[in-house]
Each structure stands twice: as structure tokens, then as C-alpha cells.
Undergrad: 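Attaching a single structure in C-alpha cells format; questions to follow.
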Amino acid sequence: MASTRTICLAACMALIALIPSHGQDQGQNQILAGYYDTTTDKLLSETLINDTIGARIFYNEFFFGQRSIIANVEGGHIWGEHEIFDRSGLTGVAGSSAVTRYVADESVTAQTDAHATMVGNVLAGTGYFEENGVGYLSNLMGVAPLAEMWSGAIATSFSSTEIGSFTITEASVLTPYRTFFRGIEGQRPDVINSSWGGGDPSGTSFVAQTTDALARENSTVAFVVAAGNGGSGAVSDPASGYNNIAVGSLGGANFLTPSEFSSRGAADFYNPETNITVTGVRAVVDIAAPGEDLVLAAYLGASGSYQYLPDRVQEPSPTDRYFVNESGTSFAAPIVAGGIALLKDVVHYYEENGIILSEHTLDTRVVKSVLMAGATQTEGWDNGQTLQDGVVSTTQSLDYATGAGALNLDQAAQIYLISETRDVAGLGGGTISEKGWDFGNLAAGGANEYHFANPFEHEMELTISLNWFAGTGLDENDLGQALSFANLNLEVWRLAGGVLSEKVAESISLYNNSEFLRIALDSPGEYAIRVAFLGMIYDLDPAVNDTEYAVAWQAVPEPATWMLILAGAVVLCVIRRRIIRV
């Protein structure tokens, strides 16, 4: 048994005020953000988060995540009895509460917790109310308000002096992760969210390595993690691992400004073959989402994070209260996890109707690449691109604070579900449309080419994301161990007569397992994407001689702003025509 370790939540737990239920307001129906002014008793600058991230495209066709399962793992359990999780009046969903399973190691106190309850609200708060014979989803519903939720708890004890801190052991942490990744009674969650962290920026802890190995072992279970609230400090585990989706926080008027508290910076890379740590070389954050001044479900019972705060505890805890002014990457992460549940809801709808889009559609590498390629550029976004001998080049890959940028589910849906290229036949490249994705395979020293079917006739903005798994496996004790790390490059080329003629851009980081480009193509012409496997950074597994990857892209005319507005206006009818009706 590993020694006890103290960690903390990835949230700014500053309770400013409590407000009553918003269940009587039928007009907004989603997570609400806005600063609550105690002097005027008003919520100012209200913003509807679900619309901000582009989720409306799913709701308008009644995709609320009802075919998806979301698991949440953190210190305590979600309080499934809060009114926001009530599903007693709904048909066609699992159980009377959004939370259907609770999992914890026998060493864990398994306490209900305020923080987990807020995170659960973001993930899949339903808030169904029946009034005057009319039922409706309430204000403050989560991103995937009809998804089934599983709750995992890892805290062996909660701190009496620091809100949000708790202790863990190896067994307490790994039991729910192993259970959820591998599934229960033949079911696996579509996505696991974790809004906690506690050190190890190098991604070498048992937490980071074992979740990396489990994510690789169970590639259809996406693992979403909060980056942490260390500001300029490095991202902590489990987000500091490699095979997850690490999420930073955004604020500002349009939720495009990196939150000051959101962890960032260049993390270290450890090479187990040489036993050398290379400092400050990894961009760990993959994507960002709103994480400031949220209104979220309150648990006020005497357990979990608030048990040592008698002035806040109410017994029995009322079901009609919400915390306000809640901020943290804790809440940005479940926004992304909920978005993944919506995307996979559509895929499951296809499956129910006997249509398999691709055997790779649910793969985490595909979903991660799609989300990143569809992301909106954030304020001050910089992934280190410079002009080197006429080639746009980056050895950094991602912006340190926001990764690929802000979550945009509208754009992700177009790339993932609507584009003409949804997994090129075979594993070796091919002809592609202006938006799409592919799952491929490369042997060391090899390269795959993706040629755009039509020449670009205008100036274009091209965004491309490439992702693969670090080769982390499980040892005889079912613990993660680093075995191999592949070095893939992402390139953009000009074509002449259908042949690569001039390199235009490249993302060539050595120590990331993501490559990313966002470039302006000023010259019309024929272009191609090239994915190259240069070799292994380290290889302790002689059986490994190839690497699977996913790449996603979108090319839109410059300036991109008007095109995005147009796309948002027409995409619903396109989805209805191509996807929803089978």
C-alpha cells in the first residue's frame, strides 16, 4: 500500500452567497455564469454557458446525452438527491436520479461532497420539474442533462483546515478508475471526468501512469481532467499524464480569456530508458472551457469538503439551493466531458439504428483530435509558431494555458459527424475534404499523406490536430509503467502535379503526444497534410514497431469569423439532413 498523500480540488472554493432554486424559470435551461453582487442581491452579466460552447446544435434535435454514460471520480460522491438531478418524471432514462452507481474502495469513507455535487451539475444536471401538468428541464441543467452518471470517491479523509484538501492512497484512487475504465456489467462509460489534482508535473506518479495505461487499454473511454488552479505553475497529476484530455479555464466577456488561476507552463519529460528528466519541454493543457463565476448545485450536509464548516452546514440539507461565483478548472473539465457525451450520444443513436460510422469513431484519440481541431482561438493564443526558412514551425505544439483553444461543440460536430471525410478507408492516408478526421497507423520511418480533394481557391485558415497514445502499460501489480514514446510530426505541404513540392508548416515537438497547427494559407493552390513517424524517443518494449494515431482538420476561408457565423446558421439543417434522420 502506498503512503497516504494529500491532494486538493481543482476549484476556487470561495462561497459568496446561496441562491434559491431557479426551477421556476423556463427561459434559460442551462448552466448559468455571472457575478453575484451581494450588495444588490443580483446576478450580473448573465451568460448561458451551454450556448457559449455550441451545445444548442444537439439540443435542437433532442440529443441531451441520453445514450451516454459519464463517470466522475474525485474526493467524494455526487449528492444525487439534489433537485437538479431529479428524473422521476422522465421516461426513457435510467433511474429516478441522474446518478445510478456509486463506486469506492473499501478503505474510503465515501462521503457525499459539495464539490462533487457541483461538478455533477455541470456534467449532467437535469432539474426536471412538473408544474401545472407541464414538465420541463430547469434552468442550470448540465451540458449533457440526460446522460447517466456514475460517481467514484477516492478520499480516505477530508482536511479540517483547508477546504477541498483530502488524503488518498494507492488503493483508494485506483479502485474506481480501474472499475470505470473496464466497465460494470458489460457497460463502459463514454467519458470519465476528474476535477482534482495534487502534484507531479512530470506525469510519473502512480496516478498519472496508471490512468494513462487504463486509457490506452480502454481506448473508447475518454479521460477528461482539470488542469488545476496553480496559475503560472505547472499542471499537476492526473492531468500531467499523456493519454487524457487536460482542460484549462476561461473567463472574460466571451469566455475566450485564459483564467489567471488556470495552471499552465512547460512541464517536464522523464525518459525511463536514460533516467533523465528534460525540464520545461511539454505543453500539457489540451483545450479550455468556461470556468469562472458559475451558478452550481449546493450540497450543505455535514460530510465531505464542508463537514468542518458548521456555519455552512444545514441538516437536513435543502434541495433548493445553489452556490454562486464558483470558479475553477474543476468546472471547465466537466463542460468538456459533457460535450463528449453529446458527441457520442449521436454516434450511439446511429448504432441503435444499425449504422456504424467507423470502428474508430469512439476512440479517444479521434474525439480529442476533433475537439482540438474545432477549438476557437483564445485571446493571446500562442503555440510558439515561427517562420523558419519560409516554413511556419513550432516545437511547442500547443498554447501553454489553453491548448488548442476554447471548446466549440458546433465546430466539433461538423468535423466529427457531418464532414465528408469521416475516417479514410484503410490506415494509410488518402484524399480528404476540407473538414474531417482519420484514424491511421504508421511504422517507424513511415509517413501518411492526406491530399485535399479540391484546390483552395481563396485564402484559408487551416487548423489541424494530431494525437497518439504514449506507450504506457500495466505491470504484474496492475500499475502503470512507461514503456515507449513515439515521435510523430505534423506537416502541411503544397502540391505540384499531385506530388509534395514545398513544405508550408510543421509541428515537430519532441516530448508531446499531440501536434497542432493553426495557420493562414495566403496562396490558393493544392495542399496536403503529412503525418510522419520519425522514431521512438524511448522504447522499453521491443514488440512496439508501429503507432496508431488520429488526425482531424478544418479549412475555412479567411476571414474565419463570418464563415463561422454562416456555418452556425446552416449546420442544423445539414445535421438533420445527413445525420439525425436514418
Side-chain angles (χ1 to χ4, degrees), residues 9-25 28-38 41-44 46 49 72 74-87 97-99 102 111-129 137-143 145 149 151 153 155 158 162-166 193 195-196 226 290-328 330-335 338:
L9 303 172
C12 299
M13 299 280 287
L15 177 63
I16 305 298
L18 287 168
I19 60 174
S21 167
H22 275 55
Q24 306 309 312
D25 180 357
Q28 296 177 326
N29 297 345
Q30 49 190 291
I31 300 171
L32 195 63
Y35 182 74
Y36 186 82
D37 187 345
T38 55
D41 196 32
K42 290 182 179 180
L43 194 66
L44 307 177
E46 294 186 10
I49 296 300
N72 186 60
E74 55 183 286
H77 280 310
I78 299 167
W79 187 43
E81 296 177 27
H82 193 286
E83 64 181 6
I84 203 70
F85 303 122
D86 181 17
R87 297 184 179 176
S97 170
V99 187
Y102 296 88
Q111 296 183 36
T112 303
D113 181 51
H115 183 269
T117 302
M118 288 187 281
V119 171
N121 183 170
V122 177
L123 289 168
T126 310
Y128 180 85
F129 290 85
L137 296 175
S138 83
N139 186 358
L140 310 178
M141 75 183 190
V143 176
M149 277 199 298
S151 178
F158 286 85
E162 184 179 358
I163 299 175
S165 291
F166 52 84
N193 178 79
S195 293
W196 67 277
E292 294 187 20
D293 292 330
L294 301 178
V295 180
L296 300 171
Y299 170 67
L300 300 169
S303 69
S305 305
Y306 285 170
Q307 63 183 292
Y308 299 107
L309 301 171
D311 58 321
R312 298 184 186 182
V313 170
Q314 300 179 22
E315 288 288 12
S317 181
T319 63
D320 59 350
R321 293 290 181 268
Y322 293 84
F323 294 139
V324 296
N325 295 6
E326 291 293 344
S327 299
S330 282
F331 312 123
I335 287 174

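Every heavy atom of this structure was used, including side-chain atoms; hydrogens, water molecules and symmetry mates were not.
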Undergrad: Could you walk me through whether Asn121 and Glu326 pass the side-chain contact (heavy atoms from CB on, under 4.5 Å) test, one step at a time?
TA: CA-CA 12 Å; Asn121 183 170; Glu326 291 293 344; over 6 Å; no
Undergrad: Cut-off 3.5 Å, no hydrogens considered: what does the side-chain donor-acceptor table look like for residues 295-304, sequence neighbours left out?
TA:
residue: Tyr299; atom: OH; partner: Ser303; partner atom: OG; Å: 3.1
residue: Ser303; atom: OG; partner: Thr112; partner atom: O; Å: 2.7

Undergrad: Going by the rule ring pair (Phe, Tyr, Trp, His ring centres under 6.0 Å), which residues pair with Tyr102 if we only count those two or more places apart in sequence or in a different chain?
TA: His77
Undergrad: Could you tell me the separation between the CD1 atom of Ile335 and the CD1 atom of Ile49, rounded to the nearest 0.5 Å?
TA: 5.5 Å
Undergrad: Does the side chain of His82 pick up a donor-acceptor pair with the side chain of Thr117 at under 3.5 Å?
TA: no
Undergrad: Could you tell me which non-hydrogen atom of Gly76 sits nearest to which non-hydrogen atom of Ala116, and how far apart they are?
TA: O-CB, 3.4 Å
Undergrad: Give the minimum heavy-atom separation between Gly75 and Ala153, together with the two atoms involved.
TA: O-CB, 3.6 Å
Undergrad: For Ala155, which residues count as a side-chain contact (heavy atoms from CB on, under 4.5 Å) partner, sequence neighbours excluded?
TA: Phe158, Phe166
Undergrad: Minimum heavy-atom separation for Val143 and Gly338, please, with both atom names.
TA: CG1-C, 3.5 Å
Undergrad: So which heavy atom on Val99 is nearest to which on Ser151, and how close?
TA: CG1-CB, 4.0 Å
Undergrad: Regarding Tyr306 and Gln314, do their side chains bring together a donor and an acceptor under 3.5 Å, going by distance alone?
TA: no
Undergrad: Starting at CG of Asn72, measure out to CG of Leu123 and round the result to the nearest 0.5 Å.
TA: 5.5 Å
Undergrad: Quick one: side-chain contact (heavy atoms from CB on, under 4.5 Å) partners of Ala124, sequence neighbours excluded?
TA: Arg87, Ala147, Met149
Undergrad: Return the minimal non-hydrogen interatomic distance between Glu74 and Trp196, and the atom names on each side.
TA: CA-CD1, 3.8 Å
Undergrad: Looking at Gly120 and Ile78, what are the two nearest heavy atoms and their distance?
TA: CA-CD1, 4.0 Å
Undergrad: Check for a donor-acceptor pair, side chain of Thr126 on one end and backbone N or O of Asp86 on the other, with a separation under 3.5 Å.
TA: no
